[in-house]
Amino acid sequence: MLQLYIGNKNYSSWSMRPWVAMRQLGIAFEEVMVRFDSFAPNSQFKQTMRALSPTGNVPLLVHDGLAVWDTLAIAEYLAETFPHAGVWPRAVADRARARSLCAEMHSGFTALRSHCPMNIEAHLPEVGAKVWAEQAGVRADVARIVEMWSTQLQTHGGPMLFGAFSMADAFFAPVCMRLHTYDLPVPPAIRAYMDRVRALPAVQEWIHAALAEHDFVPEDEPYRTQR
């Protein structure tokens, strides 16, 4: 049995990606949630994760004693271990494009991540409007997201980026959460894609669990003092 170590569902965007992919694709795993208390070296979270991984971060996949950290590495391990699960699209060109989009997400969009941290439980349209007005980097990040999603949806006709659900949709599921929480302006076709992602059974399961946490981690809540 695979084990997937994750952080709080309400906040942990990186944990959400492999969790949603595995659940939606029917890859069985055991979830191990390690609560965020602090990211200081002596925090319980860091001590727990450093005992398992050199990075001390989530997500972490453990399979037969092998620890696989970093979300892209987990994606590739799942694709190799479960070649018929549909982790990546079937066509070679589509797989290359899907990997490119995921890699771009992995290394980019720092303004959106910084100013609009994932917070599934919250609804912060006022914050979103302020961020949108003041942060050119966020507007640029969203414009690029709209461009990449629009291209793939037009090319493949939906409902997901490459037709059927794949790791690419899982990688952008937390972005859908951010755009929704902060109510950032996007075209109707993009809003419709966000709604379809949010309606996926695996994403709905994650959202419901996030709402049930009733946890408040100040480091993850820059815009509120309580939940």
Side-chain angles (χ1 to χ4, degrees), residues 1-37 45 49 57-63 68-75 77-79 82 85-88 98 101-102 105-106 109 112-113 116-124 145 149 159-162 164-184 186 190-217 219-221 224 227:
M1 175 67 73
L2 288 79
Q3 291 181 311
L4 184 67
Y5 289 78
I6 64 171
N8 294 49
K9 288 190 171 79
N10 191 52
Y11 305 118
S12 186
S13 58
W14 287 110
S15 296
M16 185 182 187
R17 293 177 167 101
W19 193 101
V20 164
M22 294 169 74
R23 187 72 90 212
Q24 190 67 25
L25 294 171
I27 299 173
F29 66 96
E30 176 190 356
E31 173 193 311
V32 183
M33 203 277 268
V34 183
R35 179 186 178 271
F36 292 148
D37 55 346
F45 171 78
M49 293 310 302
N57 294 328
V58 288
L60 173 72
L61 183 71
V62 178
H63 188 202
V68 184
W69 61 91
D70 187 281
T71 311
L72 274 177
I74 292 173
Y77 183 80
L78 292 173
F82 303 96
V87 174
W88 296 114
L101 296 186
C102 290
M105 179 67 249
H106 191 272
F109 305 104
L112 181 63
R113 291 190 209 173
C116 300
M118 191 173 85
N119 192 332
I120 291 173
E121 179 272 337
H123 183 54
L124 303 170
I145 288 165
W149 289 1
M160 298 289 108
L161 293 178
F162 291 86
F165 174 86
S166 73
M167 184 61 73
D169 303 291
F171 252 72
F172 286 103
V175 176
C176 295
M177 301 299 108
R178 286 181 162 99
L179 296 175
H180 177 80
T181 293
Y182 299 92
D183 197 21
L184 300 183
V186 295
I190 297 303
R191 183 73 60 180
Y193 169 70
M194 290 165 50
D195 291 343
R196 292 195 296 273
V197 170
R198 287 172 52 81
L200 290 169
V203 175
Q204 280 291 299
E205 186 179 350
W206 180 278
I207 290 172
H208 291 323
L211 297 177
E213 284 179 346
H214 300 296
D215 199 358
F216 182 80
V217 181
E219 291 188 44
D220 285 305
E221 295 268 12
R224 302 194 299 182
R227 180 176 179 181

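Both backbone and side-chain heavy atoms feed into the values below; hydrogens, waters and symmetry mates do not.
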Quick one: closest heavy-atom pair of [X] and [Y], and the distance?
| X | Y | answer |
| --- | --- | --- |
| Met105 | Trp14 | O-CH2, 4.2 Å |
| Pro117 | Tyr182 | O-OH, 2.8 Å |
| Val20 | Ala170 | CG1-CB, 4.4 Å |
| Asp215 | Asn8 | OD2-ND2, 3.0 Å |
| Leu25 | Gly86 | CD2-O, 3.8 Å |
| Gly7 | Ser15 | N-OG, 3.0 Å |

Check the pair Phe36 / Asp220 against side-chain contact (heavy atoms from CB on, under 4.5 Å), numbers first and verdict last. CA-CA 9 Å; Phe36 292 148; Asp220 285 305; 3.6 Å; yes

Rounded at 0.5 Å granularity, tell me how far [atom1] in [X] sits from [atom2] in [Y].
| X | Y | atom1 | atom2 | result |
| --- | --- | --- | --- | --- |
| Ser13 | Arg178 | OG | CZ | 4.5 Å |
| Asn10 | Met16 | CG | CE | 10.5 Å |
| Arg224 | Glu121 | CZ | CD | 4.5 Å |
| Leu179 | Leu112 | CG | CG | 6.5 Å |
| Asn57 | Trp69 | CG | CH2 | 11.0 Å |
| Arg17 | Thr71 | CZ | OG1 | 6.5 Å |

May I ask you to test the [X]-[Y] pair for a side-chain heavy-atom distance under 4.5 Å?
| X | Y | result |
| --- | --- | --- |
| Val62 | Tyr5 | yes |
| Trp19 | Phe29 | yes |
| Phe109 | Cys116 | no |
| Met177 | Arg198 | yes |
| Tyr11 | Glu219 | no |
| Pro201 | Gln24 | yes |
| Pro59 | Leu4 | yes |
| Ile145 | Val186 | no |

Where the side chain of [X] meets the backbone of [Y], is there a donor-acceptor pair that is under 3.5 Å apart?
| X | Y | value |
| --- | --- | --- |
| Trp206 | Lys9 | yes |
| Tyr77 | Val68 | no |
| Arg227 | Phe216 | no |
| Glu31 | Gln3 | no |

>> Does Leu200 form a side-chain contact (heavy atoms from CB on, under 4.5 Å) with Glu205? I'd like the steps, not just the answer.
In response: CA-CA 9 Å; Leu200 290 169; Glu205 186 179 350; over 6 Å; no

| How far apart are the C-alpha atoms of Phe162 and Leu101, what are their side-chain angles, what is the distance that settles it, and do they pass the side-chain contact (heavy atoms from CB on, under 4.5 Å) test? | CA-CA 11 Å; Phe162 291 86; Leu101 296 186; 4.0 Å; yes

side-chain contact (heavy atoms from CB on, under 4.5 Å), that's the test. Do Met22 and Phe82 meet it? Break it down for me.
CA-CA 10 Å; Met22 294 169 74; Phe82 303 96; over 6 Å; no

Exercise for review: Please determine, by modelled atom types, if Asp169 and Tyr193 share a side-chain donor-acceptor pair under 3.5 angstrom.
Suggested key: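 Judged by distance alone, the side chains do pair up.
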
